[in-house]
Number of protein chains: 2
Amino acid sequence: MRRASESADGRRRSTIREVASLAGVSVATVSRILAGTYPASPGTRARVMRAVQELDYVANAHARVLAGNNVSKSVAIVLNSVISPHYAHVAQGVEAQATAEGRLCLIGTTGGDPKRELAIVRHMREQNAEAVILVGNVVADDKYQERMGQYAQALASVGSRLVLCGRRPLGPDVPAVVVEYDNAGGAFAATSHLLSAGHERILCLGRRPGYTTAEGRLDGYRKALAAYNVPHEPGLEAEGMMEWDEGYRMMKERLSTGPQDFTAVFAINDLIAGGAHRALAEHGLRVPDDVSMVGFDDLPPSRDIGLTTVHLPHEEIGRTAVRLALEHAAHGGAPPHVVLGTHLVIRDSVRPRRR
Amino acid sequence: MRRASESADGRRRSTIREVASLAGVSVATVSRILAGTYPASPGTRARVMRAVQELDYVANAHARVLAGNNVSKSVAIVLNSVISPHYAHVAQGVEAQATAEGRLCLIGTTGGDPKRELAIVRHMREQNAEAVILVGNVVADDKYQERMGQYAQALASVGSRLVLCGRRPLGPDVPAVVVEYDNAGGAFAATSHLLSAGHERILCLGRRPGYTTAEGRLDGYRKALAAYNVPHEPGLEAEGMMEWDEGYRMMKERLSTGPQDFTAVFAINDLIAGGAHRALAEHGLRVPDDVSMVGFDDLPPSRDIGLTTVHLPHEEIGRTAVRLALEHAAHGGAPPHVVLGTHLVIRDSVRPRRR
DNA sequence: GGACGAGGTGGAAACGCTTTCACAATTTCG
DNA sequence: CGAAATTGTGAAAGCGTTTCCACCTCGTCC
């Protein structure tokens, strides 16, 4: 009654039925042998294997999912973009762990748009992914709070386990595995490093209210100042997004609108540090000779400029997300919540302050 | 006879049957209304929609694929790693275009290992992906040629359309969409830029026989030398992989084993340029004051150091791959083969040679 | 020497959907 | 005004698997 099943390019895919009849056994036997779930006589096994080889048989994953208990052996990762290095590393970790655990990795990017995120999560839901890993905050637009209710509910009904990486919680009624990292602690260490080198006027680049990551790091910066009894000066906090261009812009503005009233810079992430570094160079200012600088993330390109920065275990974040989600799926219980540590990587971008 | 279908976390997923009975229509009607393929009376449509809302119904993608013509509405991307910026950008392009065309994006990384690549491609094949996009060469180990036969055949029988991005062809019997970019032309422009600034002793970093990308760029470098009548000196070509650490290593070795016998550097990609840049800095050499440098790729971090480099349309490569694959799937014919252009981005890493 | 397990195997239901076919209820037309 | 075309709907087959149940064939035990 129906056209023969064909794959995308018209090549016919052989089915388990064909394998069975070629091997002279029932489909049930083929299925069992391939799954390795039941004993089978060596002779039968050999015949089946030969037939599989002959027909170049590969099981149809969709049929398998449908017939089985609807376990799709896949995890989904949803993030802002893959080109942002931090996200790329996390994605790499997710993919690696997923593959290691025999899962397929689905990926979707949102560009930070809540609507797109929602659409993608819905799409993932159709796929029955075992876990949906949400990485990084979405841009909080004006309708965010309003949308939040519908949003959280939609996410809650994903039916998959939800994992939040470095991201604001969705609400008390939305259970989720959480993988955090110590933003405040790292920023405290970074700022302290500058302070202990004698710097007191430390420009902080990347304030961003409403973004957990930025907020946590700003918090660590302020705490370090307090710990060293250095007065906190709001004018030394520049607002901007966590991107290269923004770092460049913030530093440019700073340098063009007045005298250089700082001796060191704490960039809330390495991207900002990179942009600021470039802006300084264009003004003939050298790091660390003229200005000391510390970043946050420890991304590979930061080595180009010898940036002292806070190391974040990016890939481990991704791996942990998958591992915890799958464990939680297997054992149940309360969704786990971990916070990963950070440490300062000292390179060559800080000099003691000249007096 | 079977347990009720449950999703991963035990939440029950409603089925089309439940929607149908709640709306008081047949499943066929629900299916048609949701697909929008047939007319339906406004009343029925409204009732169905209400039921869908009520039950929070989302179709099961696996069942849909199985029942439909086995079209899975998904494309797969297989690459070395996501953390390498070039690959990340390509992946971003693939994901963006896939989403734009209503497809889901599957992703897998190989670490450059042919065996893992094969395993992943097999996995993708089970999924019935509409296209499998292979990005970048796999490491050519000693058994490569031998394995190539089996390998090409396995890929050929993927049943999905195959797309090769910046990658050596698999063989005449393996039809594939090919998306290339002009490595030789870009390298020619980059080297010419250096030559026209008066540089003659130009160190080329990243020779790598057997790798199409590296070979193409080396070729462009040599051609430019020839065009300017500058004698080609094999000693000025350093061998290494296209990675940061390798760039660092190559430059370190160069500087520590003899006098600095070059005035400019052509790095086969920006990663190498970054590493070399750092090594130069550690030896007190500045770019461009002491050494001129040109890279290849135009990755974002290259802006940190103001690198003049060859721009590659990374994301467009990915988007083109998806677009062509899908078009080819729809219209058939010979698989398309495109080569994308490049252009030089002039920043601040080249100075005319002092005499 | 018959009952009983255990090891293999096959038949068939079920998974959740799409689509073909058939058919009833309209509308349109000569 | 009756026949033909159109429209909306339902029943059921089928997609390619897995798995439950039943069955058969042995070897083993009392």
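Chain letters run A, B, ... following the sequence lines, proteins first, then strands; residues in each count from 1. Only heavy atoms go into these numbers, but all of them, side chains included; no hydrogens, no water, no symmetry mates.
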Practice problem: Would you mind classifying the nucleic acid contact of A35(A) as base, sugar-phosphate or nothing, using non-hydrogen atoms under 4.0 angstrom? | Solution: nothing
Quiz item: Would you say R17(B) reaches dG16(C)'s phosphate, i.e. side-chain N/O to OP1/OP2 under 4.0 Å?
Solution: no
Self-check item: Spacing of N60(B) atom CG relative to dA14(C) atom P, expressed in whole Å
Solution: 18 Å
Quiz item: What integer distance in Å separates Y57(B):OH from dG16(C):C1'?
Solution: 7 Å
Exercise. Quickly work out the R32(B) CZ to dG8(D) C1' distance and round it to whole Å.
Key: 8 Å
Quiz item: Between dG16(D) atom P and N70(B) atom CG, what is the distance in whole Å?
Solution: 6 Å
Quiz item: Is the phosphate of dT17(D), meaning OP1 or OP2, less than 4.0 Å from a side-chain N or O of S31(A)?
Solution: no
Quiz prompt | Candidates T44(B), T15(B), I16(B) - the one meeting side chain to side chain contact (heavy atoms under 4.5 Å, CB included) with V30(B) | solution = I16(B)
Self-check item: Below 4.0 Å: OP1/OP2 of dT9(C) and any side-chain N or O of T44(A)
Solution: yes
Exercise. Provide, to the nearest angstrom, the distance between the CD atom belonging to Q127(A) and the P atom belonging to dC17(C).
Key: 13 Å
Quiz item: Whole Å only: how far is the CZ atom of R47(A) from the P atom of dG8(C)?
Solution: 14 Å
Quiz prompt | Sole candidate of E95(A), E130(A), Q97(A) that passes side-chain hydrogen bond (donor to acceptor under 3.5 Å, both in side chains) when paired with R103(A) | solution = E130(A)
Quiz item: Is it true that R50(B) and E54(B) have a side-chain N and a carboxylate O under 4.0 angstrom from each other?
Solution: no
Quiz item: What is the distance, rounded to the nearest whole Å, between atom CG of L66(B) and atom P of dG14(D)?
Solution: 14 Å
Quiz item: Base, sugar-phosphate, or nothing for V25(B), non-hydrogen atoms under 4.0 angstrom?
Solution: sugar-phosphate
Quiz item: Given dT9(D), is OP1 or OP2 found less than 4.0 Å from the side-chain N or O atoms of S41(B)?
Solution: yes
Quiz item: Think T29(B) has a side-chain N or O under 4.0 angstrom from the OP1 or OP2 of dG10(D)?
Solution: yes
Practice problem: Specify the separation, in whole Å, of atom CD1 of I16(A) and atom C1' of dT9(C). | Solution: 14 Å
Quiz prompt | Rounded distance (nearest 0.5 Å) linking atom CZ of R13(A) with atom CG of L55(A) | solution = 13.0 Å
